[in-house]
Amino acid sequence: MKRAAAIILALGSGLAHAQVTIYGIADAAFVGERGGSGGNLNKVTSGAAAASRIGFRGEENLGDGLSAFFNLETGAKIDTGEVDAAGTIFNRVALVGLRTRAGAIALGRQYTPYYSTLVNVVDPFRTGYAGSSKNLFPGWGTNIRTSNTVTWASPRLHGVDMELAYSAGEQAAIKTGRQFGGAVGYTSGPLTVRLAWNSKNTDTAGTNTVPAVSRSMGRNTLLGANYDFGPVKLHLGYGIDKGDNSTPLGNANNPYGGVRPTPSTDGRDLLAGFSAPLGRGKLMFSVMRKDDRTAFDQDASSWGIAYMYSLSKRTGLYAAYGHIHNRNGAGYTVANNTEAGTGNTGYNLGLQQTF
């Protein structure tokens with residue numbers, strides 16, 4: 001049972017009530033990183049397979065098909081006991097919304113439709129482990145989640161659903177820092193197909209001493225599909241990334257030394273992989289390719305494999321390995337769910353419990 005607790009809160013003196021669920025993940029691993037300019041690195045890391053977290057969600061039925069809901073979720077570092085983003089409380093998710101028969105509207109800090117598609121449709125690792133799609137796909141920064149965001153998600157009708165998101169930059173110039181995107185999907189039996197897009201303005205507002213900076217719009221498009229054959233679930237993804245900051249490097253600190261890598265402003269991403277039950281656990285595998293179409297031609301290819309062995313419905317042991325081959329000075333690193341990594345080879349040996 002995933003829920004550790006369900007608390008029924010009485011509202012007023014009547015019988016109306018909202019159900020609040022407390023949930024979370026505790027995940028820690030031994031992580032090894034090889035191939036970076038800093039040499040071999042061995043450490044204990046929180047959230048290699050899935051970020052450690054605790055969250056609260058609830059929904060109240062208001063009648064006539066209307067309900068109100070909220071979700072508050074904070075990240076934690078199991079290795080140190082700190083929050084995973086200093087100066088924040090609910091850094092992962094903080095939203096409140098209304099659900100009607102026509103769909104759900106939510107306001108707050110939320111995942112982008114692009115990243116939800118990457119996690120739930122494309123990547124057999126769900127962006128975790130050393131084989132994470134984050135190794136080559138642009139699953140970083142505001143491509144993951146945005147603050148000051150309004151979203152709408154439709155109900156599913158004949159297998160089709162869609163979602164839209166708009167994040168305000170909250171600058172004097174309305175377009176500065178804003179981000180918007182959406183997704184449309186189709187599900188029928190074992191087949192899921194989803195198309196997502198994300199556009200962000202990375203202009204910088206000017207001050208009395210610093211002039212404003214204008215940049216091209218960063219755009220990401222992602223087509224993903226998976227098909228569950230029963231013994232094997234096949235995953236496919238194809239991405240197009242164009243414009244400034246469309247492909248942020250996970251590790252932007254020049255991890256290999258020498259000439260600093262240049263983030264691509266015109267690239268293509270390809271993933272093929274599978275997940276399959278094996279014994280008491282699940283096997284995951286993928287291969288990826290980054291095609292940099294700029295003059296730098298900083299291509300890369302990678303592969304990853306992982307196995308999660310289930311000790312129970314809520315607890316598992318896992319092992320994972322990932323490797324990247326960078327070309328022409330590309331700077332991609334083997335990441336995991338919470339860290340960008342420091343080299344082109346990495347492994348994880350970890351323990352995870354959900355509640």
Side-chain angles (χ1 to χ4, degrees), residues 71 92-93 95 97 103-128 132-168 178-188 191-202 216-228 233-248 250 263-273 275 286 288-291 335 337:
N71 191 181
R92 292 183 56 81
V93 178
L95 63 85
I105 296 176
L107 295 86
R109 181 165 173 80
Q110 307 177 58
Y111 288 100
T112 66
Y114 174 91
Y115 192 71
S116 295
T117 301
L118 190 63
V119 172
N120 298 317
V121 180
V122 174
D123 190 356
F125 300 99
R126 295 182 60 83
T127 70
S132 171
S133 57
K134 291 183 175 185
N135 291 349
L136 296 186
F137 278 67
W140 300 101
T142 59
N143 282 2
I144 299 178
R145 57 176 72 83
T146 53
S147 299
N148 311 310
T149 302
V150 181
T151 62
W152 171 76
S154 77
R156 182 170 292 165
L157 184 63
H158 302 298
V160 178
D161 72 289
M162 67 180 299
E163 54 183 325
L164 298 171
Y166 179 86
S167 173
R178 70 180 178 184
Q179 184 166 316
F180 55 90
V184 58
Y186 174 74
T187 300
S188 178
L191 173 67
T192 297
V193 180
R194 198 162 192 85
L195 176 66
W197 62 95
N198 192 61
S199 297
K200 56 186 172 183
N201 182 290
T202 54
S216 65
M217 182 77 80
R219 303 181 305 278
N220 304 97
T221 304
L222 177 63
L223 177 62
N226 61 55
Y227 193 95
D228 193 344
K233 189 173 186 178
L234 180 65
H235 295 256
L236 296 170
Y238 180 74
I240 300 173
D241 314 306
K242 289 190 173 185
D244 288 321
N245 205 30
S246 62
T247 313
S264 176
T265 55
D266 186 4
R268 305 293 183 272
D269 316 310
L270 180 65
L271 180 149
S275 58
S286 76
M288 291 184 286
R289 164 78 174 166
K290 167 71 75 173
D291 178 16
N337 192 260

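Proximity of a side-chain donor or acceptor of N198 to a complementary backbone N or O of Y114 within less than 3.5 Å is not detected. With Q110 contributing its side chain and T149 its backbone, the two residues share a donor-acceptor pair below 3.5 Å. Looking at K134, its side chain does come within 3.5 Å of a backbone N or O of N337 through a donor-acceptor pair. A donor-acceptor pair under 3.5 Å links the side-chain atoms of T112 to the main chain of N143, judged by distance alone. Judged by distance alone, the side chain of Q179 and the main-chain N or O of T146 form no donor-acceptor pair under 3.5 Å. Under a 3.5 Å cut-off, the side chain of S167 and the backbone N or O of S147 do form a donor-acceptor pair. When atom types are taken as modelled, the side chain of R178 and the backbone of Y166 share no donor-acceptor pair closer than 3.5 angstrom. Put simply, the side chain of T192 never gets that close to the backbone of N226: no donor and acceptor are under 3.5 Å apart.
Distance check, rounded to the nearest 0.5 Å: OG1 of T247 to CZ of R268 gives 10.0 Å. How far OG of S264 is from CG of D291: 8.5 Å, rounded to the nearest 0.5 Å. To the nearest 0.5 Å, atoms OH (Y238) and CG (D269) are separated by 8.5 Å. The line from OG1 of T187 to CG of D161 is 6.5 Å long, rounded to the nearest 0.5 Å. In this structure, the separation between CG on L223 and OG1 on T117 is 9.5 Å, given to the nearest 0.5 Å. Taking OG1 of T265 as the start and CG of N245 as the end, the distance is 11.0 Å to the nearest 0.5 Å.
Test L118, L95, N120, I144 against Y111 for side chain to side chain contact (heavy atoms under 4.5 Å, CB included) and you get one pass: I144. For the side chain to side chain contact (heavy atoms under 4.5 Å, CB included) with F137, the qualifying choice from L271, L270, N220, T127 is L271, the only one to do so. In summary, of the residues considered (R219, K290, K200), a salt bridge (Lys or Arg N to Asp or Glu O under 4.0 Å) with D241 occurs for K290 alone.
Side-chain atoms of M288 and S133, non-hydrogen and from C-beta on, do get closer than 4.5 Å to each other.
N135 is linked by a side-chain hydrogen bond (donor to acceptor under 3.5 Å, both in side chains) to nothing, counting only residues two or more places apart in sequence or in another chain.
The two residues H235 and D123 have their closest heavy-atom pair at ND1-C, 4.1 Å. Nearest heavy-atom pair across A225 and V121 is N-CG1, 3.6 Å. Closest approach of A335 and W140 over heavy atoms only: CB-CZ2, 3.8 Å. In terms of heavy-atom proximity, A272 sits nearest to L236 at CB-CD2, 3.8 Å. Scanning all heavy atoms of the two residues, the minimum distance from R145 to R92 falls at NE-O, 2.9 Å. Here the closest heavy-atom approach between residue P138 and residue P248 is recorded as CB-CD, 4.1 Å.
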*Should W152 and M162 be marked as a side chain to side chain contact (heavy atoms under 4.5 Å, CB included) after you check the CA-CA gap, both sets of side-chain angles, and the distance that decides it?*
CA-CA 8 Å; W152 171 76; M162 67 180 299; 3.6 Å; yes

